[in-house]
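Read through the structure below, which is laid out as structure tokens, and then see the notes.
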Amino acid sequence: SYTCSNALRDLFQVEMPANGYHIKNIVLGVENIQNHFTHFYLLFGPDLAHSRYKKKLGYNTVNRRFRINGDSYKQFVNLRNDFMNLMGIFGGRWPHNLAMQPGGTSQILNDRLRLNYGYSHYLAFKEGIESIFLGCTIKEWRKIDTYEKLKIYLEKQKNKSDLSLFLQTGIEFGLDKLGKGPEKYISSGSYDLMDGSFLFKPGFYDGEFKKFSHNQITEAIKFSFFEDDEKSSRHPFQGKSQPDNGDNKEKYSWVKAPRYDDQVVETGPLARMMVHQDPLVIDLFRHKGASVWLRMFARFQEAIRTLEVLN
């Protein structure tokens, strides 16, 4: 609903007031923050408690905290349930938010009591993440901007925080050797602001940081169940989706293959943090390269940075 309402806003050249930008970005921010942490605590973390890792040094601690109904799992679920009240206050409902409109939001916020109530939910979640996940304040965490400073943080934490436990055992479990990917990244920008800029800037990285242009995006259909011709890769605006009923053995999917400048590239949290040139993510990338470990860390970093500005 965020993307669609923004597209309609741009199409009809609707002027959106400042509070429209603020409220829509709060709703998107809450959704994104809870999504990143939910992905870890409810999906990724429990996998680390699988018995295949039981011979690893840090397994017992991981199993106690990250397994289904483990200590950290239960603490996060309670935090999340409280945090999601913000979706009702600012978005009217969750899931399937319908309050976002081209000119802002249909959810009227003119009751200071409700706003204070919402802020209390934000503070409770923020303090919970600082206590359980980070082991320090967000302000202190944001001072860690190099790999060397991260090592100092890990030494001090000694696996007390969930983040330090993941970072240490993730390497022990070999997650830093999996899922390298293309190491090329794009982002069209996140959280649009009144002046036309973004909270997390757009761009393209292929070893160098470059400007992002949607004109470089194409969709290839050579191996998809669509009729192709001498130019089977087109910009989405010129794309063709005529089903191919032929007997082409090379075709295997109804999905088109997106490319950027004819290259396979990555989107998502790691891409957004790389393109935005987050100093800690950049330094970790230069020292260790892309991996499942770094990709998960980028989720955390984006969530923490978003939680910081949500204030």
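Pairs engaging residues 17-45 under the salt bridge (Lys or Arg N to Asp or Glu O under 4.0 Å) rule: none recorded [sequence neighbours left out]. For residues 55-65, the side-chain hydrogen bond (donor to acceptor under 3.5 Å, both in side chains) pairs, not counting sequence neighbours, are R64-D71, R65-D162. Within the structure, salt bridge (Lys or Arg N to Asp or Glu O under 4.0 Å) pairs that include any residue of residues 191-201 comprise R9-D192 (at least two apart or interchain).
Taking CG of N116 as the start and NE2 of H121 as the end, the distance is 11.5 Å to the nearest 0.5 Å. Atom CE in M100 sits 4.5 Å away from atom OG in S1 (nearest 0.5 Å). Separating the CG atom in D228 from the CD atom in E250 is a distance of 9.5 Å, to the nearest 0.5 Å.
Contact detail for L98 and Q101: the closest heavy-atom pair is O-NE2, 3.3 Å. The two atoms that bring R114 and I89 nearest to each other are NH2-O, 3.3 Å, heavy atoms only. Across all their heavy atoms, L310 and I26 have their closest contact at CD1-CA, 3.8 Å. In terms of heavy atoms, S161 sits closest to G135 at CB-N, 3.7 Å. The nearest pair of heavy atoms linking N159 to L165 is OD1-CA, 3.6 Å. Contact detail for M194 and Y21: the closest heavy-atom pair is CG-CD1, 3.2 Å.
With a 4.5 Å cut-off on side-chain heavy atoms, T267 and I186 count as touching. Inter-residue side-chain proximity for I217 and P236 is flagged as met; some heavy-atom pair is nearer than 4.5 Å. Between F285 and Y205 there is a side-chain heavy-atom pair separated by less than 4.5 Å. F200 has its side chain within reach of Y191: a pair of non-hydrogen atoms, C-beta onward, lies under 4.5 Å apart. Contact annotation: the side chain of N81 approaches that of V77 to within less than 4.5 Å [non-hydrogen atoms, C-beta and beyond]. Under the 4.5 Å side-chain criterion, counting only non-hydrogen atoms from C-beta, L294 is in contact with L270. The shortest distance between side-chain heavy atoms of F83 and V30 falls below 4.5 Å. K74 has its side chain within reach of N69: a pair of non-hydrogen atoms, C-beta onward, lies under 4.5 Å apart.
Linking ILVMFWY side-chain heavy atoms closer than 4.5 Å, directly or via other members, places Y2 and M87 in a single hydrophobic cluster. Hydrophobic clustering of Ile, Leu, Val, Met, Phe, Trp and Tyr side chains at less than 4.5 Å, counting indirect connections, unites V309 with V27. Follow the hydrophobic side-chain contacts under 4.5 Å out from L123 and you reach L79 in the same cluster. A single hydrophobic cluster is not seen to contain both I152 and F297; linkage of ILVMFWY side chains at heavy-atom distances under 4.5 Å, directly or through other members, places them apart. Hydrophobic clustering, with ILVMFWY side chains joined whenever heavy atoms are under 4.5 angstrom apart, groups V292 together with L280.
Here the two rings, on F237 and H214, have centers that are under 6.0 Å apart. Taking the six-membered ring for Trp and the full ring otherwise, F37 and F133 have centroids separated by under 6.0 Å.
N248 meets the side chain to side chain donor-acceptor pair (under 3.5 Å) test with no other residue; sequence neighbours excluded. Listed by chain and residue number, E308 satisfy the side chain to side chain donor-acceptor pair (under 3.5 Å) test with R142 (two or more places apart in sequence, or in another chain).
Without hydrogens or angle criteria, K251 side chain to S224 main chain gives a donor-acceptor distance under 3.5 Å. With hydrogens and angles ignored, the 3.5 Å screen pairs no side-chain donor or acceptor of E302 with any backbone N or O of R299. In this structure a side-chain-to-backbone donor-acceptor pair under 3.5 Å is missing from H39 to N35. With hydrogens and angles ignored, the 3.5 Å screen pairs no side-chain donor or acceptor of H276 with any backbone N or O of D278. No donor-acceptor pair under 3.5 Å is formed between the side chain of D261 and the backbone N or O of Q263. Without hydrogens or angle criteria, E148 side chain to D145 main chain gives no donor-acceptor distance under 3.5 Å. Side-chain atoms of S131 do not come within 3.5 Å of backbone N or O of G128 as any donor-acceptor pair. A donor-acceptor pair is defined here as one N or O able to donate and one able to accept, closer than 3.5 Å; no such pair exists between the side chain of Q157 and the backbone of S164.
Other residues, nucleotides and ligands contribute only 12 or fewer heavy atoms inside 6.0 Å of the CG atom of L57. The 12-atom threshold is not exceeded at CD of Q13, counting heavy atoms of other residues, nucleotides or ligands nearer than 6.0 Å. Within 6.0 Å of the NZ atom in K149, the count of heavy atoms belonging to other residues, nucleotides or ligands exceeds 12.
With respect to the salt-bridge test (charged N to carboxylate O, under 4.0 angstrom), the residues K249 and D247 qualify. The pair E155-K158 meets the salt-bridge criterion, since a charged nitrogen lies less than 4.0 angstrom from a carboxylate oxygen.
A cation-pi arrangement is absent between K184 and Y260 under the rule of less than 6.0 angstrom and at most 45 degrees off the ring axis. Seen from the ring of Y147, K151 counts as a face-on cation partner, given the 6.0 Å and 45° thresholds.
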Ring pair (Phe, Tyr, Trp, His ring centres under 6.0 Å) between F173 and W293, intermediate numbers included: CA-CA 10 Å; F173 291 9; W293 181 84; over 10 Å; no
Working for side chain to side chain donor-acceptor pair (under 3.5 Å), residues E172 and T169: CA-CA 5 Å; E172 185 190 353; T169 57; 5.9 Å; no
Ring pair (Phe, Tyr, Trp, His ring centres under 6.0 Å) between Y252 and F225, intermediate numbers included: CA-CA 7 Å; Y252 62 89; F225 296 125; 7.8 Å; no
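Using modelled atom types, one finds no donor on one side chain facing an acceptor on the other under 3.5 Å when comparing Q34 with W94. No donor-acceptor contact under 3.5 angstrom links the side chains of S233 and R259, judged on distance only. For the residue pair Y119 and N311, a side-chain donor N or O sits within less than 3.5 Å of a side-chain acceptor on the partner.
The aromatic rings of F40 and F300 lie perpendicular to each other, with more than 60° between the two planes, well past the 30° mark.
Other members of the cluster containing F198 do not exist, because no ILVMFWY side chain is joined to it at under 4.5 Å.
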